[in-house]
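Please read the structure below before turning to the comments.
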Amino acid sequence: MQLLWLKRNLRLQDSEPLFYSMKEFRTAGPVLPLYIHDPGLINQPDVSRQHQVFLQETLTELASELHNLGGQLLEAVGDSVAVLNRIHQVRPLTKIWTHRETTQHSQYLRDKQVRVWCQSAGVELVEMEQNGIARGSQEPLPFAEYFTRCVNQPLRDPTGNDLSRRFAPLPFSGCAPGDIPAAAGDDKPLRQKGGRAAAQEALEGFFTIRNLNRYPFQLSSPNTAWDGCSRMSTWLAYGVVSDREVYQHVDRVISKGSEILDAGGFQRLQDRGRFYLDRLSWRRQYLQTFENHPEFEFDCILPQFSGVREAQYDEALFQAWKTGRTGFPFIDAAMGCLRQTGWINMRLRATVVSFATMNLWLPTTKVAEFLATEFLDYDPGIHHIIHQIVAGSSAFRGIMVYDPVKQGLDHDPKGQFIHRWVPELADLGADVHDLSKTAGYLSVKATKHRCLPYPQALVDHQATALHAKRRIHELKKGITTPMATVPDARDSSPQMGLF
Ligand SMILES: Cc1cc2nc3c(=O)[nH]c(=O)nc-3n(C[C@H](O)[C@H](O)[C@H](O)COP(=O)(O)OP(=O)(O)OC[C@H]3O[C@@H](n4cnc5c(N)ncnc54)[C@H](O)[C@@H]3O)c2cc1C
């Protein structure tokens with residue numbers, strides 16, 4: 001029997017492991033799709049309940065898709081190697097098909113143990129490339145070449161076929177929902193829902209000429225980014241859609257534009273399409289950097305930053321930041337929004353991380369670990385690399401400190417975003433950006449809910465920014481060129497700023 005081992009590759013469409021395992025069923029045996037709920041991984045500090053529920057929603061839909069093809073999904077609880085061994089005892093395995101993952105240390109170790117087990121059990125493990133990430137001695141393709149290849153590859157979709165002869169029956173019954181240990185934290189009421197149908201709806205909904213044209217002007221403000229960004233990150237992070245599918249959607253919009261727009265309109269659309277693709281190219285570069293340097297999950301990219309922030313760690317500052325009680329309305333609104341929805345736009349992410357690591361001088365790994373649990377789209381390869389870029393501990397040229405007040409004034413001038421997510425300031429109008437007015441303020445709504453008055457600013461943001469810049473400048477003395485592995489994430493259009 002063969003296994004189709006689903007990890008962060010939770011789809012049947014554009015799935016090479018599914019396609020090739022099905023193709024080999026005559027020689028290597030029927031195929032059993034498997035997902036393992038491994039308690040050792042669920043209990044990791046960067047995993048949270050929202051991730052788990054999103055995943056479960058996705059698996060439930062995937063099981064029903066498999067059922068329509070004539071197969072059954074085995075969901076098992078236990079140590080990954082122990083589960084594989086148990087299956088192998090009941091129905092000997094010939095091959096395990098899965099995708100390669102660029103992932104956090106805990107899952108990297110799991111993959112390593114599985115590789116060792118496969119060798120000792122005489123089972124062939126086939127880990128197929130995804131996201132165009134090169135491993136070992138392979139060289140990654142330049143982005144333009146990779147994009148062209150993806151756009152020209154046919155996407156295989158098994159929907160509508162009867163593949164029942166090729167699927168294996170369950171070797172034993174799957175786990176019950178109650179057998180799966182719950183991850184830490186609470187689910188988020190307003191997060192994206194799991195499952196391929198929601199992903200497809202988002203794909204079809206976003207990729208239109210109008211949306212791609214508007215994208216560069218919508219992504220910076222939290223008031224417009226919610227609908228103006230593609231919101232593809234979570235589906236990509238879990239492999240519910242492949243990057244190829246996204247590229248093909250972009251390509252389709254551009255092709256349609258070439259048919260119906262005049263030369264000027266088409267040129268504009270191409271520029272905006274390129275602007276969107278830049279982000280996907282950064283995604284791939286960050287993933288490749290992390291693939292080559294998984295140690296950046298724990299270690300600073302520049303070793304001279306090791307232990308520097310830790311030496312001045314202040315737990316009270318960390319708690320105030322996490323709970324949205326810093327006295328900086330734009331920061332606290334971001335943390336409030338994140339708590340309920342699991343998503344904020346990129347500029348806001350950079351602003352809260354800059355505030356935490358520059359103004360509050362909190363250790364980058366602590367900040368990154370907390371936000372990993374808060375971001376539904378947590379993707380270790382992207383996440384840990386960007387944290388270090390924002391925190392200044394990469395060899396990226398220039399030191400960025402996002403002014404938490406100016407960012408609010410620029411991107412939420414009327415304060416709607418703050419009013420929504422900081423109830424204490426709900427009726428303060430545009431004065432929400434004036435720290436002398438917000439300190440001690442309590443809106444009528446918040447009074448009814450017995451909230452505490454809004455806190456005073458925790459630090460002097462201008463003085464702390466200056467101090468952070470000086471420290472980083474000192475620590476970076478002597479470094480003149482960016483490391484080759486850290487991509488230059490500068491925006492392609494200068495008016496947009498870095499993020
Ligand atoms: C501190 C920090 C942490 C982040 N952590 C994550 C993370 O864990 N997972 C994650 O997917 N993204 C992360 N990002 C990148 C970015 O914020 C999100 O990808 C984006 O906000 C997701 O929304 P979207 O899908 O609507 O993006 P869109 O604006 O529609 O962009 C399209 C796609 O491009 C990719 N992308 C966009 N911006 C970036 C970027 N700056 N770097 C790399 N890829 C990008 C994503 O896959 C995204 O889905 C982080 C950014 C910062 C500043």
Side-chain angles (χ1 to χ4, degrees), residues 8 46-48 51 102-104 131 143 191-192 199 202-203 205-207 211-212 214-222 224-243 245-247 249-250 272-290 297 334 337-338 341-358 364-365 367-394 396 400 402 407 486-492 496-499:
R8 275 187 178 233
D46 58 354
V47 176
S48 76
H51 299 137
T102 300
T103 187
Q104 66 265 57
N131 296 312
F143 181 73
R191 65 163 168 80
Q192 279 176 315
L203 266 176
F206 178 77
F207 290 103
N211 286 341
L212 208 54
R214 289 185 334 156
Y215 173 74
F217 309 98
Q218 307 277 306
L219 89 166
S220 291
S221 162
T224 50
W226 186 267
D227 294 320
C229 290
S230 70
R231 309 297 306 279
M232 278 299 123
S233 53
T234 314
W235 319 118
L236 284 167
Y238 285 87
V240 179
V241 299
S242 67
D243 61 340
E245 290 180 271
V246 176
Y247 294 133
H249 271 79
V250 178
R272 310 276 160 79
R274 237 175 258 126
F275 185 90
Y276 181 83
L277 289 175
D278 277 348
R279 270 99 198 125
L280 286 163
S281 143
W282 300 344
R283 171 180 188 267
R284 185 162 164 260
Q285 290 177 67
Y286 294 147
L287 287 172
Q288 187 64 59
T289 303
F290 197 66
E297 181 177 352
C337 176
L338 209 44
T341 70
W343 187 84
I344 49 175
N345 60 321
M346 181 170 67
R347 178 174 284 274
L348 210 42
R349 293 183 198 209
T351 306
V352 295
V353 171
S354 164
F355 184 77
T357 57
M358 299 295 198
T364 315
T365 43
V367 170
E369 187 179 280
F370 174 70
L371 289 179
T373 64
E374 289 294 289
F375 293 167
L376 183 63
D377 63 17
Y378 168 52
D379 196 329
I382 304 172
H383 192 78
H384 294 293
I385 301 298
I386 303 194
H387 266 79
Q388 299 223 26
I389 293 174
V390 177
S393 52
S394 79
F396 183 74
M400 305 168 282
Y402 290 73
Q407 288 296 321
V486 179
D488 185 341
R490 222 175 305 262
D491 231 320
S492 39
M496 300 292 172
L498 183 62
F499 285 110

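Just so you know, ligand 1 is whichever comes first in the structure, and atom 1 is the first atom listed for that ligand. Just so you know, these numbers use all the heavy atoms, side chains as well, and skip hydrogens, waters and symmetry mates. All residue numbers refer to positions in the sequence shown, counting from 1. Just so it is clear, the structure is predicted and the values come from calculations on it, not from any experiment.
Ring pair His51/Tyr378 is tilted by interplanar angle, where 30° to 60° counts as tilted.
Not one N or O of Asn345 is nearer than 3.5 Å to an N or O of ligand 1, by distance alone. For the pair Ile382 and ligand 1, the shortest N or O to N or O distance does not fall below 3.5 Å. Between Trp282 and ligand 1, no pair of N/O atoms sits closer than 3.5 Å. At a 3.5 angstrom cut-off on N or O pairs, His383 counts as close to ligand 1.
Interatomic distance, Trp282 CH2 to Met346 CE, rounded to the nearest 0.5 Å: 5.0 Å. For the atom pair NE2 (His387) and CD (Glu369), the distance works out to 10.5 Å, reported to the nearest 0.5 Å. Note that CG of Leu219 is 15.5 Å distant from CH2 of Trp226, once rounded to the nearest 0.5 Å. The distance from atom CG of Leu376 to atom OH of Tyr238, rounded to the nearest 0.5 Å, is 5.5 Å. One finds the CG atom of Asn211 at 5.5 Å from the CZ atom of Phe206 (value rounded to the nearest 0.5 Å). Of the inter-residue distances, the one linking Trp235 atom CH2 with Gln192 atom CD reads 5.0 Å to the nearest 0.5 angstrom.
Counting heavy atoms under 4.0 Å from ligand 1, residue Asp379 touches it through both backbone and side chain. Of the heavy atoms in Tyr276, only side-chain atoms (C-beta onward) come closer than 4.0 Å to ligand 1.
With ligand atoms numbered from 1 in the order given, ligand 1 contributes 22 (C), 23 (O), 26 (O) to contacts under 4.0 Å with heavy atoms of Trp343. Distances below 4.0 Å separate heavy atoms of Val353 from the following atoms of ligand 1: 1 (C). The ligand atoms of ligand 1 that sit less than 4.0 angstrom from a heavy atom of Tyr286 are 42 (N), 43 (C). Ligand 1 places these atoms under 4.0 Å from at least one heavy atom of Leu280: 33 (C), 34 (O). Atom numbering of ligand 1 starts at 1 in the shown order; those under 4.0 Å from a heavy atom of Tyr378 are 8 (O). Distances below 4.0 Å separate heavy atoms of Phe375 from the following atoms of ligand 1: 3 (C), 4 (C), 5 (N).
Side-chain atoms of Ser393 and Gln388 form a donor-acceptor pair, as typed in the model, at a separation below 3.5 Å.
In this structure, of Ile386, Thr351, Asn131, the residue bringing a heavy atom nearest to atom 53 (C) of ligand 1 is Ile386. Checking Ser233, Ala368, Pro216, Gly228 against atom 19 (O) of ligand 1, the nearest heavy atom belongs to Ser233. Of the candidates Pro380, Ala356, Ser230, Ser230 brings a heavy atom nearest to atom 27 (O) of ligand 1. By heavy-atom distance, the residue among Gln285, Arg349, Arg347 lying nearest atom 13 (C) of ligand 1 is Arg349.
The one candidate from Arg279, Arg284, Gln285, Arg283 that meets the side-chain hydrogen bond (donor to acceptor under 3.5 Å, both in side chains) condition with Ser281 is Gln285. Put simply, the residue from Arg231, Arg349, Arg191 that forms a salt bridge (charged side-chain N to carboxylate O under 4.0 Å, His left out) with Asp377 is Arg349.
Residue contact check for ligand 1: Tyr215 places a non-hydrogen atom closer than 4.0 Å to it. Using a non-hydrogen distance threshold of 4.0 Å, Ala350 registers as a contact of ligand 1.
A heavy-atom distance below 4.5 Å is found between the side chains of Glu297 and Asp46.
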